[in-house]
Amino acid sequence: MKFMYVFILLLCILSGCEKNIIDKLGMLDAVGYDLSDDKEKPLMVTINYPNVTKQGLYQNKILSVDAKSSKDSRIRFNHRSNLKIVSGQINVALFGSDLAKIGVKEILDTYMRDPSLGTRVYLAVAEGTAREILEFKPVEDTNSSLYLRTFLEKLDNENERINYNTYQFNRDYFDDGIDPIMPYYTIKDQNINIDGYALFDDDHFVHHLSPTLSGVLFTLRKETPKGTFSFEIAPPDDKHAFPYQLMFDYRKTKWDIDVEIKDHKPISVNIAIELRGSVLEYTKDELTDSEKTQKKMEKEINEYLMGKSKELLKLTQELGVDPIGIGSYVRNKLSYEDWKKLNWDEVYPTIETNVDIKMQLVNTGQTK
């Protein structure tokens, strides 16, 4: 009986503590970083957190402050809210494009040092300002932070092995054989859209990669096992008002890279990829299950992917960034001393790059 009284007393105490904590905390689920116009407080931070009123109504609260640093902004937020602002529930960190061009290292340093944030916060770049994205209400009638989180989770599921979070960004940032990337978001047609990916040189955003070339990037990266493409195979004609389209998905069955070394330096890189795929749409007036048409489609797919791969590699070499991670394979072919002597940032734009892609279609459908 005495034990029962003690148990009830402890239950009441713990329940009371939990209620007080929930009532008094503003638990952030998204944060955005932009440049401010204040020279003394150059960082504008926007936060999003849920709030439930005493009447049980759900509110989505958004606040912005100018601050000297990310940690300084937390103090300023606590001066503007009756709740204690805590960051342990942050799911998404968004960087305005102008800020990302200057660099995100100092902000991400906070995420590495603060154990309450963890390593699984999703990262992304916003066209314009992060504040505009977080203040925008998507047509799905949900708040922007929840929309972004579910969007990024979907990308994880679709690509299976690419995680756009603090862990992967920092891993690629500190690895001297690959450059990091982030998803790139815009507001278009009254909705938040992913519009390709942001390429980084060190911690600086240097180029917005189109959705098509982003898909090619993932095809060339070893760890991404599958993808989907749609491309135009012929323009409209007298019989058809729309372009002829070929849409397919694929799964990699083989990925290999050969690095040629001469005089302790890389001179060429050859990537060989084998794919197995299915035709999802083919708008030409041909039977897709015929062997002749299948071979024709395989050839069109190979030429398209290799052409786009050449375009991507030329672009990345001109920019001096290596989002594919070719440098890590070059490093594995060299001795430790040779790699340390090599300036990969200078060498990468000069090497010859070749891609050979072979598609085998296993499902072409039965439609015309």
Side-chain angles (χ1 to χ4, degrees), residues 151 154-162 181 183 188-189 193-197 209-258 268-317 323-326 352-368:
F151 207 138
K154 184 194 74 169
L155 293 177
D156 270 355
N157 294 331
E158 287 178 348
N159 291 300
E160 290 190 0
R161 296 182 186 177
I162 296 292
I181 61 174
K188 185 179 180 181
D189 299 327
N193 299 271
I194 185 169
D195 189 29
Y197 285 78
L209 201 63
S210 71
T212 297
L213 289 184
S214 297
V216 175
L217 169 62
F218 290 136
T219 303
L220 297 181
R221 288 176 68 141
K222 183 179 181 179
E223 71 271 31
T224 314
K226 63 180 182 177
T228 302
F229 279 96
S230 177
F231 66 97
E232 180 180 326
I233 52 178
D237 54 28
D238 295 338
K239 295 182 180 180
H240 295 84
F242 302 102
Y244 293 97
Q245 292 288 124
L246 173 56
M247 184 177 182
F248 66 95
D249 61 14
Y250 72 83
R251 182 169 286 275
K252 289 178 195 167
T253 57
K254 182 180 178 181
W255 188 97
D256 190 32
I257 186 168
D258 179 56
S268 69
V269 171
N270 301 286
I271 301 175
I273 301 172
E274 293 181 8
L275 309 172
R276 288 171 64 87
S278 301
V279 175
L280 305 177
E281 181 182 49
Y282 187 65
T283 57
K284 274 197 169 183
D285 296 328
E286 299 178 40
L287 289 172
T288 58
D289 58 345
S290 71
E291 184 177 354
K292 180 180 178 180
T293 302
Q294 179 175 331
K295 294 299 181 184
K296 180 181 178 182
M297 288 189 292
E298 289 175 348
K299 181 181 178 182
E300 289 171 331
I301 290 172
N302 292 340
E303 290 177 348
Y304 173 78
L305 290 177
M306 285 191 288
K308 288 297 180 182
S309 296
K310 184 178 180 180
E311 180 182 343
L312 174 66
L313 286 165
K314 180 182 178 182
L315 174 64
T316 58
Q317 286 185 290
I324 299 170
I326 293 174
E352 178 186 348
T353 56
N354 302 289
V355 176
D356 181 48
I357 297 178
K358 294 180 180 178
M359 164 64 84
Q360 179 185 3
L361 292 173
V362 295
N363 182 6
T364 60
Q366 302 294 325
T367 61
K368 288 187 178 182

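Values reported hereafter were calculated over all heavy atoms of this structure, with side chains retained and with hydrogens, waters and symmetry mates removed.
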pair K252-E274: side-chain heavy atoms closer than 4.5 Å: no
Hits for salt bridge (Lys or Arg N to Asp or Glu O under 4.0 Å) against E303, two or more places apart or cross-chain, chain-then-number order -> none
Smallest heavy-atom separation, I273 atom then W255 atom, equals CG1-CD1, 3.7 Å
To the nearest 0.5 Å, atom CG of N302 lies from atom CD1 of I357 at 7.5 Å
Show your reasoning for whether side-chain contact (heavy atoms from CB on, under 4.5 Å) applies to F218 and I181. CA-CA 11 Å; F218 290 136; I181 61 174; 3.9 Å; yes
Q.
Test side-chain contact (heavy atoms from CB on, under 4.5 Å) on Q360 and R276; report intermediate values, then the result.
A. CA-CA 5 Å; Q360 179 185 3; R276 288 171 64 87; 3.3 Å; yes
All heavy atoms of S214 vs all of G196, minimum pair found to be OG-CA, 3.4 Å
**Prompt:** Do D195 and P211 have side-chain heavy atoms sitting under 4.5 Å apart?
**Reply:** yes
Closest heavy-atom pair, K308 versus L213, reported as atoms and distance to 0.1 Å, is O-CD2, 3.8 Å
Counting only N and O atoms by type, is there a donor-acceptor contact under 3.5 Å from the side chain of S278 to the main-chain atoms of D249? no
Using side-chain heavy atoms (C-beta onward) and a distance below 4.5 Å, is I324 in contact with L313? yes
Tightest non-hydrogen contact, residues F231 and E300, listed as CZ-O, 3.8 Å
CE (M247) and CD1 (I301) are apart, to the nearest 0.5 Å, by 12.0 Å
Does the side chain of L275 come within less than 4.5 Å of L305's, by heavy atoms?
yes
The reported gap from CG in L209 to CG in L315 (rounded to nearest 0.5 angstrom) is 6.5 Å
Next item on the list: Using only heavy-atom distances, determine whether the side chains of T293 and Y282 contain a donor-acceptor pair under 3.5 Å.
Entry: no
The reported gap from NZ in K358 to OG1 in T253 (rounded to nearest 0.5 angstrom) is 11.0 Å
Fill in: Any donor-acceptor N/O pair, K254 side chain to A272 backbone, under 3.5 Å
no
Tightest non-hydrogen contact, residues G277 and M359, listed as N-SD, 3.5 Å
Is there a donor-acceptor contact under 3.5 Å from the side chain of D356 to the main chain of N270?
no
S230 and Q245: side chain donor to acceptor below 3.5 Å
yes
Practice prompt. Specify whether Y304 and F229 have parallel, tilted or perpendicular ring planes, treating 30° as the upper limit for parallel and 60° as the lower limit for perpendicular.
Written response: perpendicular
Worksheet item: Counting N and O atoms only, with roles assigned by atom type, does the side chain of Q294 sit under 3.5 Å from a partner on the main chain of L361, one being a donor and the other an acceptor?
Response: yes
Check against side-chain contact (heavy atoms from CB on, under 4.5 Å), T224 and T219 = CA-CA 7 Å; T224 314; T219 303; over 6 Å; no
* Does any non-hydrogen side-chain atom of M297 lie less than 4.5 Å from one of F248? -> no
Those residues at least two apart in sequence (or on a different chain) that pass salt bridge (Lys or Arg N to Asp or Glu O under 4.0 Å) with K299 are none
Between the CD atom in E298 and the NZ atom in K295, the distance rounded to the nearest 0.5 Å is 5.0 Å
>> Using the rule given for side-chain contact (heavy atoms from CB on, under 4.5 Å), can you reason through L220 versus S309, listing the C-alpha separation, both sets of side-chain angles and the distance that settles it, and then say yes or no?
In response: CA-CA 8 Å; L220 297 181; S309 296; 3.7 Å; yes
